[in-house]
Amino acid sequence: MGIEEHLGYNVLTTTLEKIVDWGRKSSLWPCTFGLACCAIEMIVTAANRWDIARFGMEAFRASPRQADLMIVAGTVCKKMMPAIKRIYEQMTEPKWVIAMGACASSGGIFDSYPVVQGIDLYLPVDVYIPGCPPRPEGLLYGILKLHEKILQDPFLTKQYRDKLAARREAA
Amino acid sequence: MHLAADLLKKQFPSEIVEVVEFRGDTTVVVKPERIRDICRFLRDDPTVAFKYLSMIAGLDYFPESPRFAVVYNLYSHQNHDRLTLKAYLASATAPAIDSVTSVWATADWHEREAYDLMGIRFKGHPNLKRILLPEDWKGHPLRKEYPQRGDQDAATWVNRRIDAKK
Amino acid sequence: MEPVKPIPQTETMVLNVGPQHPSTHGVLRVVVELDGEVMVRAEPDIGYLHRGIEKMCEGRTYHKCLPLMNRVDYLSGEVNNFGFCLAVEKLLGIEVPKRAQYIRVILAEFTRIASHIFWLGTHGHDLGAMTPLFYGFREREKIMDLCEMVSGGRMFPLYFRIGGLAADLPEGFIEKAWEFVKEFPEKWKDYDTLLTENEIWKQRTIGVGVMSAEEALNWGWSGPMARGSGVDWDLRRDNPYSSYEDFDFEVPLGTKEGDTYSRYLVRMQEMLQSNRIIRQALEKLPPGDIKVDDPRVSLPPKEKVYTDIASLINHFKLIQEGLKPPKGEVYQAIEAPKGELGFYIISDGTAQPFRVKIRAPSFVVLNATNKLATGRLLADLIAIIGTMDIVLADVDR
């Protein structure tokens with residue numbers, strides 16, 4: 001009933017949000033943001049055994065303008081923090097942040113003077129992946145969770161946009 | 001290394017404070033005033049030939065006095081052995097010693113790190129500024145009274161820098 | 001007469017090869033002053049990964065420092081612990097049993113191969129050769145599996161303890177290790193055919209970053225960096241520790257030119273020599289204890305802890321208070337994959353170290369960047385950073 005009957009099986013109907021979200025999650029390009037040990041596990045995830053190209057993410061873009069996902073992998077030190085903030089601001093919308101590892105989530109084992117105790121003090125984080133370092137499977141699980149989050153991203157509703165703006169301001 | 005300690009005693013008898021042997025390591029405690037000459041002698045002497053400086057470390061013995069000390073660890077490829085030199089610094093408020101960058105080029109960054117983390121000044125260093133911490137950081141973290149989590153200045157550094165850039 | 005046009009005065013340009021950049025060496029910033037394409041000055045700016053490890057060690061017992069030490073050179077996790085455990089054992093004046101020494105050597109050499117494979121992959125990747133990364137990771141994953149089998153951690157096994165090892169080797173480790181050792185030389189040939197005689201590789205690496213042998217010692221270079229310049233020095237052979245004198249291996253010297261290609265050859269050969277050491281260690285692995293039998297240092301066996309009150313108290317005190325070395329200071333250096341990794345530990349008789357100074361090889365090597373880079377083209381900077389095989393956590397600690 002309805003228009004599908006007349007068009008047959010040649011046409012797919014869906015909502016705009018769903019198709020755009022599907023497109024976004026299928027080719028999230030990470031910005032190379034490996035800082036410390038977790039970066040090694042991130043590189044290993046992109047290498048041959050846990051191929052991240054299966055998810056369309058093998059294009060690690062060095063330029064933040066061309067990336068939409070920032071995987072903060074490694075300890076965030078205070079000297080580096082202004083640079084991270086600037087790179088986050090240079091990324092274009094839509095953008096997501098994954099805090100990979102214990103150090104990015106909360107400072108990790110480094111409870112000391114030069115370490116920022118968690119990147120979420122300065123940036124809005126979407127997914128936290130615990131581990132020191134998290135196994136590549138752990139990183140992939142976190143990425144898949146982010147995919148689920150993106151698939152439900154109601155970016156066309158005004159209420160969501162306001163909430164997002166408020167979250168950005170707070171960080 | 002006994003040989004080096006004997007040579008030093010002959011060449012600089014008034015500079016040697018004591019020689020400590022512990023677990024096979026020899027530490028020669030010297031006075032800090034002529035450290036550059038002592039190091040140059042150890043490098044150029046053909047029997048010991050300590051042409052390689054492994055590391056320079058700054059030490060803080062708070063609350064004992066003398067408070068600060070500098071340790072040099074030398075290695076000789078000719079004899080395959082090591083020597084540690086230690087110099088206790090006179091001043092506890094403005095610790096300073098001569099730089100040995102003219103003897104071994106590698107001392108450059110080791111001394112900058114000792115300055116950055118411990119606050120020991122090296123006279124004659126070509127570029128003595130902070131290396132591991134930001135330029136405007138206040139305090140010397142490896143000193144005993146500096147808290148591990150950082151003081152108030154450390155806690156607000158990032159926000160001050162981000163606000164300054166806005 | 002035409003007026004003579006003056007030659008335009010050009011200024012040098014300062015380029016910031018910033019803390020975030022594609023070559024995967026971490027957060028290193030190099031401030032480069034360029035005259036056209038030629039570098040006039042290249043000063044590294046470090047400290048973006050300074051985590052205060054030396055300060056943190058002063059508030060912890062000796063065993064609690066081990067996880068921190070693992071993360072100093074994160075590509076060769078267990079080798080850092082090797083050095084630290086050896087330093088504390090030197091301080092205590094104890095000797096680890098032979099079986100534990102051999103197992104430590106096996107794991108250290110596996111970690112060396114893994115570190116060199118990673119170096120090969122990323123160095124090649126920076127200069128445009130992406131294939132060695134994927135070929136090498138195939139073997140590196142096998143080594144990570146072996147590390148995981150031993151303790152559960154891939155990069156940071158935390159298997160070494162002060163006084164020996166945490167536990168004996170699990171079942172199946174020796175078979176898997178033999179499999180790796182037997183097939184590694186064939187796989188190594190894969191990496192060798194890709195780059196060693198490759199014209200492009202040679203053009204990008206021969207003559208780049210030249211350092212003579214005397215200058216290398218002056219600048220404190222050690223390990224493959226010094227051996228590439230012709231310094232015949234290996235701490236495993238010249239100041240042996242942990243039974244390295246029982247093994248027969250060569251120390252490769254490259255072409256002695258002191259350039260990037262020479263260091264590449266040294267590291268490639270070192271992988272084969274490490275394989276040789278592991279083979280000998282596996283053949284000669286003696287049975288026995290894996291921990292020194294000293295109640296002040298090692299935890300008693302679990303069966304006795306559950307049944308005997310003295311062992312329970314011993315276990316409790318060792319975990320709660322930690323071991324207490326005598327007063328004194330030692331320096332212990334080992335041959336890490338990056339060079340001479342040294343630990344200078346001062347003990348004041350309590351359970352917390354008074355001062356731990358880590359002599360990090362990457363920190364010392366990076367010092368000479370300006371000397372190597374001056375006068376070369378900007379693209380050579382990437383080759384130089386790659387050949388120095390720096391790990392930023394090792395530089396900044």
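Naming convention: chains lettered A, B, ... in sequence-line order (proteins, then strands); numbering from 1 in each chain.
- By number of non-hydrogen pairs under 4.5 angstrom with chain B, the leading residue of C/M56, C/R397, C/E340, C/E58 is C/E340.
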Run the side chain to side chain donor-acceptor pair (under 3.5 Å) test on C/K64 and C/Y62 for me, step by step, so that the C-alpha distance in whole Å, both residues' side-chain angles and the decisive distance to 0.1 Å come before the verdict.
CA-CA 5 Å; C/K64 287 188 194 165; C/Y62 286 88; over 6 Å; no
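- Considering only heavy atoms from C-beta on, B/V28 stays 4.5 Å or farther from B/T84 through its side chain.
- For C/K357 and C/Y331, the positive end is not near the middle of the six-membered ring at less than 6.0 Å and at most 45° from its axis.
- Contact count versus chain B (heavy atoms, under 4.5 Å) is highest, among C/R355, C/E214, C/E215, C/Q332, for C/R355.
- Side-chain atoms of C/D73 and C/S76 include a donor-acceptor pair closer than 3.5 Å.
- The most heavy-atom pairs under 4.5 Å with chain C, out of B/Y61, B/W104, B/Y75, come from B/Y75.
- Between B/S102 and B/R40, the side chains place a donor N or O and an acceptor N or O closer than 3.5 Å (distance only, hydrogens not considered).
- With a 4.5 Å cut-off on non-hydrogen atoms, C/L341 does not touch chain B at all.
- When heavy atoms are compared at a cutoff of 4.5 Å, C/P44 approaches chain B by way of both its backbone and its side chain.
- Looking at B/V20, there are no atoms closer than 4.5 Å to chain C (heavy atoms on both sides), in backbone or side chain.
- With a 4.5 angstrom heavy-atom cutoff, C/W233 touches chain B only via side-chain atoms.
- Options B/N73, B/L53, B/L59, B/I56 differ in how many heavy-atom pairs under 4.5 Å they form with chain C, and the most are formed by B/N73.
- Taking chain B as the reference chain and counting heavy-atom pairs below 4.5 Å, the highest number among C/L49, C/L235, C/L366, C/D348 is found for C/L366.
- Aromatic ring centres of B/H140 and B/Y146: separated by at least 6.0 Å.
- Aromatic ring pairs are classed by plane angle as parallel below 30°, tilted from 30° to 60° and perpendicular above 60°; the pair B/W109 and C/F363 is tilted.
- Across C/N218, C/V395, C/D45, the residue that shares the most heavy-atom pairs under 4.5 angstrom with chain B is C/N218.
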Before giving the answer on ring-ring contact (aromatic ring centres under 6.0 Å, His included), spell out for B/F12 and B/F41 the whole-Å C-alpha distance, their side-chain angles and the decisive distance to 0.1 Å.
CA-CA 10 Å; B/F12 300 94; B/F41 168 73; 5.7 Å; yes
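- The parts of C/D396 that come within reach of chain B are both its backbone and its side chain, each placing non-hydrogen atoms under 4.5 angstrom from that chain.
- No side-chain N or O of B/W137 forms a donor-acceptor pair with one of B/D116 less than 3.5 Å apart.
- Contacts with chain C were tallied for B/R112, B/R130, B/H110, B/E113; B/E113 has the most, counting heavy-atom pairs under 4.5 Å.
- Looking at B/R149, there are no atoms closer than 4.5 Å to chain C (heavy atoms on both sides), in backbone or side chain.
- Both the backbone and the side chain of B/H80 come within less than 4.5 Å of a heavy atom in chain C.
- Using a 3.5 Å distance cut-off with no hydrogens or angles, the side chains of B/R82 and B/S54 do pair a donor with an acceptor.
- With respect to chain B, the highest number of heavy-atom pairs below 4.5 Å among C/K371, C/E54, C/E329 belongs to C/E329.
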